[in-house]
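Here's the structure we're looking at; comments come further down.
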Amino acid sequence: MTGRGLAFLVAVCSAAALLASCTMSGALLRTSAGNALRRNSVAPRTGLLPRRISGVSSASRNPHSHRLSRSLRARCSTAAAVTMELTSDVLKTAEDYPMLIDGKLRQGSAGASPVVNPATEQPFACAPSAGMDDLNDAVAAAKRAFPSWSKLGYDAKVAYLEKFAEEVKKDAESIATLLTKEQGKPFASALGEVKASADRIATVSALGPLEPEVLHEDEKTRTEVHRVPRGVVAAITPWNFPVLIAASKAASALLSGNTVVVKPSPFTPLSTLALGKAAERAGLPAGVLNIVAGGDELGKALAEHEDVRHISFTGSVATGKKVMATAAAGLKRVTLELGGNDAAIVLDDVDIEPASRKIFQASMANTGQVCTAIKRLYVHEKVFDPLVDALVTHAKNARVGDGLTKGITHGPLNNKMQYDIVTGLLEDAKEQGAKVLCGGSAPEGPGYFFPPTLVTGVKEGVRLVDEEQFGPVLPVIPFTDVDDAVARANASPFGLGGSVWTTDPEKGAEIASRLETGVTWVNAHITGDFAGKPPPFGGAKMSGIGREHGRAGLEEYTDLKTIRVAKKL
Ligand code: NAD
């Protein structure tokens, strides 16, 4: 029942039905759009807390959701290809990945949602689905915890975060295995992400504390400017680096004195939920960090919640706009880390071998699913052919497969939607005359695999060049004049990252300074050795608002407060 066109057959069940089904040892819960819906159907919960959010459906855009809204049910029943098999073993796993709410691990009141392994297209586990009561409890707990957490001394906060990081490290291998299974990335990369997440939690303390600044003092007056935390922060995360992004947001928001509710992507909830277990073992005070799981509607409800004061969102531009509109209604602060279409510009003096190796890595890492991956490559015509040849060689050496298999360098795309976007952009480019130099078609069999693919013969005006592909298909475009290349790189609504490749670093830095982006590199892209001083990260133009990481990333979660003291009346 696998196959690329195959989507998901979804069952409806509540937590009670989930447990009931689990007692049918070995039974196969084979669901199809109609019959299984009747079997476990539960009326949506009503009577939600007044004044708070109501009406969350865990099913929205979560293709695996277990409780279907009426509209989604209708859609599923008309989609012949929608099938999914859920064994009782898979259903039972929801118990292993509880949410963290008010310091306690618990299941979701809206049932559970299967999580699909993109290497097999099969569900391998279930995550709890938060209902409205869960969400309201999580936000209420964070609100209750805020006064004491915000007043807790800096060293005490650091000690809690260090303990949290230790607990994440202890579980690194098992969290990384989960991450590979739900996200697709090779195990070594997953382990690297989990360890980097623990490091980020442990080392964020080096960026603070945010001491008040005394602007002026004399015998009569003193003027101080303080950085004060905002309250409850909603951290809403995507599926490409779920653990690292959740850990980064939580660490910065907590250290600056806020309390947090994290909502991971429905495609990759399990590795983030595992952070909750680590936080519980670390003894973080109840309510300081909460993790709830569910679909897009849950993210929307969290963002809308009247007690959330700051929404820290990482995801697509389309959703970022919705989050900003939601924030506008409550005049909430937002941090938006959004998509990109990063251009790299390769000058005619470049050293082909090291540049091609690094460019390949920076465009194809995580199977191209990196916000700051190189997504358009502009190459001077003098070095175009040798650079393209070198890139093709790297692409042919890539080993694409299940990330749990040793030696795999590139896992699958994370989900069917992303697979369809990437293949659609490539098909469109081919229709516009693109030449596919390598890759270009998926291997036979299940899994959203797509090989590193290099494309020439396209330019601006073709969707593959103008839009964010977020996958391993790289358009390579020749140029003759550097100013023209810079203008073309800048002729994009996106402005996340960019890079210049040259043997002359100062010339590179001058050109890089003209790119309209939040971050630019010379002879690198995505990575960098920042010698323990992480720089601020974020986008220009439609790639985002606000900054994460570095000291600016801590300040992001605070308001400025001026205190003027007249020493005598
Ligand atoms: P997405 O926008 O579809 O979803 C991101 C999160 O938002 C998910 O948790 C989702 O459930 C939630 N959500 C959906 N609708 C919502 C709403 N109306 N209100 C609140 N939350 C809602 O993004 P994705 O497909 O998960 O991630 C891929 C995108 O993320 C790419 O565009 C990529 O470039 C971008 N990204 C950016 C950065 C960065 O730092 N700039 C980092 C990683 C990924």
Side-chain angles (χ1 to χ4, degrees), residues 53 56-65 113 127 129-130 135 182-183 193 234-246 248-249 261-269 272 291-305 308 311-329 332 334-342 365-375 413-422 467-471 493-497 517-519 526 536-549 553 556:
I53 307 297
V56 166
S57 151
S58 64
S60 161
R61 206 206 61 149
N62 178 355
H64 322 313
S65 180
S113 296
S129 287
L135 180 64
E182 68 180 358
Q183 204 285 332
E193 178 176 340
I236 302 175
T237 58
W239 45 256
N240 62 337
F241 288 93
V243 183
L244 188 59
I245 293 173
S248 295
K249 287 184 190 299
V261 180
V262 179
K263 204 296 283 179
S265 165
F267 292 105
T268 53
T272 307
I291 302 180
V292 294
D296 295 352
E297 284 295 321
L298 185 72
K300 183 170 182 288
L302 173 59
E304 281 171 354
H305 200 293
V308 165
I311 309 162
S312 179
F313 171 82
T314 300
S316 62
V317 169
T319 311
K321 287 181 188 173
K322 292 184 196 163
V323 169
M324 194 156 172
T326 300
K332 300 174 186 195
V334 284
T335 307
L336 300 177
E337 295 290 355
L338 308 179
N341 192 8
D342 288 17
N366 210 28
T367 309
Q369 301 163 117
V370 182
C371 53
T372 50
I374 296 175
K375 292 172 183 153
L413 288 159
N414 174 256
N415 57 70
K416 174 81 167 74
M417 269 186 278
Q418 197 54 40
Y419 180 88
D420 288 344
I421 289 170
V422 173
E467 297 178 17
E468 181 187 40
Q469 68 276 54
F470 216 54
F494 294 101
L496 193 53
T517 59
V519 54
I526 299 183
F537 175 83
K541 300 197 272 188
M542 286 178 77
S543 287
I545 290 176
R547 291 293 178 266
E548 295 203 282
H549 312 319
E556 183 77 10

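Each ligand, and each atom within it, is numbered from 1 in the order the structure gives.
Below 4.0 Å from some heavy atom of Glu337 lie the following atoms of ligand 1, by number and element: 37 (C), 38 (C), 39 (C), 40 (O), 41 (N). Which parts of ligand 1 touch Val323 is read off a 4.0 Å heavy-atom cut-off, strictly below it: atoms 19 (N), 20 (C). Taking a cut-off of under 4.0 Å to the non-hydrogen atoms of Thr319, the atoms of ligand 1 that pass are 1 (P), 2 (O), 3 (O), 13 (N), 14 (C), 15 (N), 16 (C), 17 (C), 22 (C). If you number the atoms of ligand 1 from 1 as listed, the ones under 4.0 Å from a heavy atom of Leu496 come out as 41 (N).
Under a 4.0 Å N-O distance rule, the pair Lys300/Asp296 does not qualify as a salt bridge.
Counting only distance, with no hydrogens or angles, the side chain of Lys375 and the backbone of Gly368 share no donor-acceptor pair below 3.5 Å. Counting only distance, with no hydrogens or angles, the side chain of Glu468 and the backbone of Gly340 share a donor-acceptor pair below 3.5 Å.
Contact analysis puts Pro266 in contact with ligand 1, with a non-hydrogen atom separation below 4.0 angstrom. In this structure, Ile245 has a heavy atom closer than 4.0 Å to ligand 1. Residue contacts with ligand 1: Gly544 is excluded, as none of its non-hydrogen atoms falls under 4.0 Å. Not a single heavy atom of Phe267 lies less than 4.0 angstrom from ligand 1. Ligand 1 lies nowhere less than 4.0 angstrom from a heavy atom belonging to Phe241.
In terms of polar-atom proximity, defined here as any N/O pair under 3.5 Å, Thr314 makes no such contact with ligand 1. No N or O atom of Val317 sits closer than 3.5 Å to an N or O atom of ligand 1. Considering backbone and side-chain N/O of Thr237, one or more are found under 3.5 Å from N/O of ligand 1. In terms of N/O distances under 3.5 Å, ligand 1 is approached by Glu468. By the 3.5 Å distance cut-off applied to N or O atoms, Asn240 is not counted among the residues near ligand 1.
Proximity annotation for atom 1 (P) of ligand 1: of Ser543, Ser316, Ala325, Ser316 comes nearest, heavy atoms only.
Only the backbone of Pro264 comes within 4.0 Å of ligand 1, counting heavy atoms alone; no side-chain atom from C-beta on gets that close. Contact annotation: for Asp296 versus ligand 1, heavy atoms closer than 4.0 Å belong to both the backbone and the side chain.
A heavy-atom distance below 4.5 Å is not found between the side chains of Glu182 and Asn414. Looking only at side-chain heavy atoms (C-beta outward), Gln183 and Asn366 come within less than 4.5 Å of each other. Counting heavy atoms from C-beta outward, Trp239 and Asn415 have side chains that approach closer than 4.5 Å.
Inspection of the Thr335 and Lys249 side chains reveals no N or O donor paired with an N or O acceptor under 3.5 Å.
Atoms OG1 and CD, on Thr237 and Glu337 in that order, are 13.0 Å from each other to the nearest 0.5 Å. Expressed to the nearest 0.5 Å, how far CD of Gln469 lies from CG of Leu413 amounts to 11.0 Å.
Ring geometry for Phe537 against His549 counts as tilted: the plane angle lies between 30° and 60°, on a 0 to 90° scale.
Shortest non-hydrogen contact noted between Thr314 and Pro238 is O-CD, 3.2 Å.
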